[in-house]
Structure formats: structure tokens, C-alpha cells
Number of protein chains: 2
Amino acid sequence: MPAPPSHQYKHPHPAVAVDLVIFTLQDDALQVLLIERGLEPFQGQWALPGGFVRINEGLEAAAERELREETGLSQNYLEQIGAFGHPDRDPRERVISVAFYAIVSADKVALQAGSDARRVAWRPWRDLPALAFDHREIIHAGRSRLVEKMHRTTIALEFLPSEFTLTELQRVFESVQGDSVDKRNFRKWAESLSFIRPTGKMRRGGQHRPAALYRANAKALLPIPNAATETKTAAVESARKAEQASAYRKGYEDALAAMHRSFTESEKALLRSINSR
Amino acid sequence: MPAPPSHQYKHPHPAVAVDLVIFTLQDDALQVLLIERGLEPFQGQWALPGGFVRINEGLEAAAERELREETGLSQNYLEQIGAFGHPDRDPRERVISVAFYAIVSADKVALQAGSDARRVAWRPWRDLPALAFDHREIIHAGRSRLVEKMHRTTIALEFLPSEFTLTELQRVFESVQGDSVDKRNFRKWAESLSFIRPTGKMRRGGQHRPAALYRANAKALLPIPNAATETKTAAVESARKAEQASAYRKGYEDALAAMHRSFTESEKALLRSINSR
DNA sequence: CCAAAAGTGTTCAATCTACACCCATGG
DNA sequence: CCATGGGTGTAGATTGAACACTTTTGG
């Protein structure tokens, strides 16, 4: 039985969309950006922002486009959660959604309803309204990824401006994992990190002792990322710039995390002393 | 500017495929099932088994179908790696591939070329031939997931028959992570696991001391999985049975792993003493 | 008796956890 | 001067890594 010669695949194609779980930190709580749908199906219900993938657009590119349309931001942390494809998750037609999560800083975003949304709002992930489609499931999957990743990498810094205090960083951890951590232990751990350093500056404010400002210093670790490009030997040379930058960044973070894990305390101390020269 | 009323999304749809990274253990090495393509594009090159998703078929269902077609097996461990969607990863047309990895026992599979494959073969993941599409990248992503998951969950057991010796289990770890581990430390660790227990039976063979046989005992930990279903409160009630079973199983394993992590040594000892009654 | 794999304990270093008080500032 | 958040050290438990020899079997 000869195989059909159809390179032009003739079965009906499903639609492919991207959905975005956009996380931010507000009021010391992890919040998710939701839109109130202006159109059927699920009109009037809350949902994740998202949209269909254009026929010549990469998945990450589509996610970045949606993020930009929704928040006006680009150059943010963006990572794929996975594909969600139950046959009837969308009542219109078969839609397979590739979900991403992003991290943005709430104060940089001016929320504004778009053409397909009545309202846009941040909602704490612990207190979500009824959601359209399988979006609750997607948000939960996204948060699991986020929590896990936060312990292995530096993405916690994505929630903060470039200069931050240790207390602010601690708040990020507490808010994301929904649990409090010991201040002294946290600071000890933070000091052991090779990729954040005090700037020498202070943040004054409130009626209390001023706090030292820190800054991420990727520079000192730059030689490492090459190791992470090993996975990139693959075909697909024509990937979009943005996708490459994003992939590079992730590889970098992973390599950094791996490196960090594999260092002993004494090596870290050595590294720190080198960095601070 | 009113939004277009098009519920019938009119842009061209991409094709959606599933690709499978089927892992097995053979000759003490982690191997991947590859097929030699009988059709263009990439005719004559090695590639992952896979195929297009049918219009009313869930993603996991499609992956299971492909696994069954390729190996004759069902009821295997199957987990999504993610979506791969560079616009030109397939020269024919836009194809978005959702990749899964599966774990099978090599001796249960009778390799047999199908209609679209000239040959089928196991290939060690460290020594892959040139691969079609972005399949090398997919395999690497799959292995990373596998290695990480093996440390957090019980999937190592998926490579083994229901009764196994500790040395066999150790071989799984060594083969998958491509690195040797200390026998005594490994056995200490294995003993601390609450989900495997000696059966009292022995495996005799070879001219050496017989080895104690172990078996996974999920039973003792059954109350836990309910906690993991919390994520399932979502919509999408009509999911296929197989997908549900699979999701349940993953939730179970994750919960088990989380539980295991959070136990102290003394609690584990207590648990073991209870289990062995 | 020999080859081959099964089985077993201890020590040391690193890491994690718990825990309570003094410090600098603004009002 | 006082309220507020910033900042610090230590001891005990747990974990992870390194390391060598005895036991049981089949041939």
C-alpha cells in the first residue's frame, strides 16, 4: 500500500493560538493579567490575553507580539509553558493553544482595554474569577513552572527594577511561593549569589534605617553561556532575532544556575572576591 | 473600530503534528527510536516518529496513537516536552509540532518499518545520526526533561519490569544521566525511598550471589493523589479517559515526589516501618 | 577455588534550619 | 523618643560525597 504523495497535507488544520500568563508583583502578591472578553465565546468572562499565530510567525514571536499589544512592553522574560489541545477547549472550532508565561513590572504597564477586551485587570493568582476556556489550568501550570524556576535561576530579578533592596527581593520570593522565609537565612543565601552585588548606594525613605541597593551583575559570568548553546547546534538557522535573544538568555540563566548549584561555598567566595575587584 | 465578528477564523491555519521521543534502555545506554524517512522532505534521513494531529483528537491522544502505531505499545509513560514552531522548520508548509517523550521497555517492542519509514532503529542518544527538521533539538529538550524528572519522581521505574534488582535500577540512573554513581550511596538512597520495597524473592542467575528483587508499591501512598487533583478543577470536563489517567498519574508522581522531599529522615523511617507491616 | 556481582558503614564537609537582638533613620 | 524596617551570628540537624572490604553463588 503506497503512502499518499500528499505533501500538501489535506486534512483540516486546527487553529493555533498563543495564550499569555503575564505575572507581576503588586501589593506583595503574585498577580496575573486578565481581560474581560468582549466577544463570543465566553463573552463577558475573564480570560488570558492571547491570539492566533500568524502563518509565518514563530511561536515566541507571536507571544512577544501579544505581550507588546497588551502591555506595551517588549524585552521581557518569556517562557513556554506548553501546548494545550483538548479537542473541545474552544467551542468555535479546534484551537490548539501554546501557552507562555511572562514577567513584567506592574508599574511599567498602563492597563488599557483593547479592541477585543472590555476591561483589563491584574488579579491575584490565589483569587481568580471564573475563567474562559481552560485558562485556569494554564495559569496553574504557569505558576508551577515559575516557582520551580525561581529556585533554580535568577528570574526572581525579573520582577524588580535594576536596583533593588534585599527586602524587596525577599518579598518577590515570598509572594511567588506564597510562603514566608526567614530573613537572616534569606540574606545569607542572597549574599552567596554571585550574580547580585551591592551598588554602595542606599535607598532612603520611610522613617527607618536606609537599605543597601543591589544590582544584578551578569557581566562577571559572561563566559559561561557558550556552554548552553550546545543545544543550539540544530537546524533552523533562520530563527528570528528576538527568539534567539530569548533563547540565549534562557540558556544563560540555566547555565548560571547549573554553575551556581555545582559550586561549593569556598569557590563561590573566591568568585565573589574576583568579581569585586 | 469594531472588532471583526469572525468567529470563523479566516487566516490560513498551520498544520499541527506530534513528534515522539521514545526512550528505552538497551546495552546500558539510553536510546531513542528513529525512523528513516521514506518520503520527502528529508527522504532517506533519520527522524523522530510522528504524524499530524487529527482534527478531533487531543494532543496526548495523538501521541498515544503514534506510539501505538510505531511500537505496538500502549499504557506507557508519556509526557509533553513542548511546542516547536519555527516558521520554516518544515519546508513543505507551516507545521507546528508538539513533542512528547515516552519511555518503553526495549524487549517489548518489535521494530518494524511502516508505510512511511524505510527502517526503524534504536540509536543511542549520544551518537545520533544527522536528523531531519529540528529533531535533534527536540531530542535534547526531551532528555533534559527526563533527567530532571528522574531525580524528582519515580519515572526511572518506567524503564524496568515490575520486579527489579537495585543494580538494575542503578543502571537506569547511570545510563540516563550518562554518569556513574556510587553503589553504596545509591543503595542508601534507594532504601530511603518509600515507594519501592523488597519482595523477599531473589533473582538467581550468573555465577554470583543472587540479588534481592524489589517492586514499586504505590499502594502505601494512595491517599496523597487527591491533593494533586486540585489543578484539575478546570473546565474541559470531556477529556478522554486516557488523558485523564495520564494526568492523574503525573499528578500522583509529582505529589509523591513533593511529599518525599518534604519528609525528614525520621519520618521516612516511620513510614517505612508502617508500610512493612 | 575462582570469577563475578551483591551487599554493607563511617567519616567529613557543606548545607539548611531555627532563633533574638541591636541599628539607623524620619517624624 | 519612638516606631519602623534594616541588619547581623551561632549551634544543631540533615544531607551528600568519598571510600574498601566481605558474602554468596555457579561453574
Side-chain angles (χ1 to χ4, degrees), chain A residues 27-28 151-152 160 163-175 177 179-194 196-214 257-272, chain B residues 28 150-152 160 163-175 177 179-194 196-214 257-272:
Chain A
D27 308 328
D28 284 343
H151 287 281
R152 291 183 297 120
L160 295 172
E163 296 199 329
F164 52 89
T165 68
L166 290 186
T167 303
E168 286 163 351
L169 186 57
Q170 184 178 349
R171 290 255 168 73
V172 173
F173 274 81
E174 290 178 330
S175 307
Q177 66 184 76
D179 202 7
S180 62
V181 306
D182 182 274
K183 183 165 55 151
R184 279 169 293 189
N185 291 335
F186 179 81
R187 293 171 101 91
K188 240 178 301 172
W189 176 79
E191 269 163 37
S192 83
L193 299 177
S194 46
I196 64 173
R197 292 172 52 192
T199 60
K201 287 188 271 184
M202 293 279 161
R203 170 167 300 161
R204 322 182 83 87
Q207 37 194 309
H208 54 78
R209 182 171 174 174
L213 284 171
Y214 285 71
M259 185 176 135
H260 187 252
R261 268 199 310 279
S262 65
F263 271 145
T264 63
E265 273 308 314
S266 52
E267 287 168 319
K268 280 185 218 163
L270 180 64
L271 194 69
R272 255 174 288 143
Chain B
D28 283 344
M150 200 176 53
H151 288 280
R152 292 183 298 118
L160 296 171
E163 296 199 329
F164 52 89
T165 68
L166 291 185
T167 303
E168 286 163 352
L169 185 58
Q170 184 178 348
R171 290 254 167 73
V172 175
F173 274 80
E174 290 178 331
S175 308
Q177 66 185 75
D179 202 9
S180 62
V181 305
D182 182 275
K183 184 165 58 151
R184 277 169 294 187
N185 290 337
F186 179 82
R187 292 172 102 93
K188 240 178 298 172
W189 176 78
E191 269 164 36
S192 83
L193 299 176
S194 44
I196 65 173
R197 292 173 53 190
T199 61
K201 285 188 271 184
M202 293 279 163
R203 169 167 301 162
R204 324 182 82 86
Q207 40 194 302
H208 54 78
R209 182 168 175 176
L213 284 170
Y214 284 72
M259 185 175 137
H260 187 252
R261 267 199 310 281
S262 66
F263 270 145
T264 64
E265 274 307 315
S266 52
E267 286 167 320
K268 280 184 216 163
L270 181 64
L271 193 69
R272 254 174 290 141

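Hydrogens, waters and symmetry mates are skipped; everything else that's a heavy atom, side chains included, is used. Here the structure is a predicted model, which means the values were calculated and not measured. By convention in this document, chain letters (A, B, ...) are assigned in the order of the sequence lines, proteins followed by strands, and residues within each chain are numbered from 1.
Partners of B:D28 by side chain to side chain contact (heavy atoms under 4.5 Å, CB included), not counting sequence neighbours, listed by chain and number: B:R171, B:S175. Contacts of A:D179 classified as salt bridge (Lys or Arg N to Asp or Glu O under 4.0 Å), with partners at least two apart in sequence or in another chain: none. Residues satisfying the salt bridge (Lys or Arg N to Asp or Glu O under 4.0 Å) criterion with B:K201, sequence neighbours excluded, are B:E163. Applying the salt bridge (Lys or Arg N to Asp or Glu O under 4.0 Å) rule to B:R187 yields no partners; only residues at least two apart in sequence or on another chain are considered. Applying the side-chain hydrogen bond (donor to acceptor under 3.5 Å, both in side chains) criterion to B:K188, with sequence neighbours excluded, gives B:N185. Under the side chain to side chain contact (heavy atoms under 4.5 Å, CB included) criterion, A:E174 pairs with A:Q170, A:S180, A:V181, sequence neighbours left out.
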Under 3.5 Å, which protein N or O atoms sit close to an N or O of nucleotides 9-12 of chain D? Give each pair with its distance.
unit_1	atom_1	unit_2	atom_2	d
D:dT10	O4	A:K188	NZ	2.8

side-chain contact (heavy atoms from CB on, under 4.5 Å) assessment of B:I196 paired with B:F164 = CA-CA 10 Å; B:I196 65 173; B:F164 52 89; 4.0 Å; yes
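Residue A:T167 has no polar side-chain atom (N or O) positioned under 4.0 Å from OP1 or OP2 of D:dG5.
Following rounding to the nearest Å, A:L213 (CG) and D:dG7 (C1') show an atom-to-atom distance of 15 Å. A straight line from CZ of A:F164 to P of D:dG6 spans 14 Å, rounded to a whole angstrom. In this entry the distance linking CH2 of A:W189 with P of C:dA18 reads 17 Å, nearest Å. For the pair A:E168 CD and D:dG5 P, the computed distance is 13 Å after rounding to whole Å. Protein atom CZ of B:R187 is 12 Å distant from nucleotide atom C1' of D:dT23, rounded to whole Å. If you take CZ of A:F186 and C1' of D:dG6, they are 14 Å apart, rounded to a whole angstrom.
Within residues 200-212 of chain B, the residues that place at least one heavy atom under 4.0 Å from DNA chain C are, in residue-number order, B:Q207, B:H208, B:R209, B:P210, B:A211, B:A212.
For residues 202-214 of chain B, the pairs satisfying salt bridge (Lys or Arg N to Asp or Glu O under 4.0 Å) are B:E168-B:R203, with sequence neighbours left out.
With the nearest nucleotide of DNA chain C identified for both B:T165 and A:K183, B:T165 has the one nearer the 5' end.
When every heavy atom of B:Y214 is checked against every heavy atom of B:T199, the shortest pair comes out as C-CG2, 4.0 Å.
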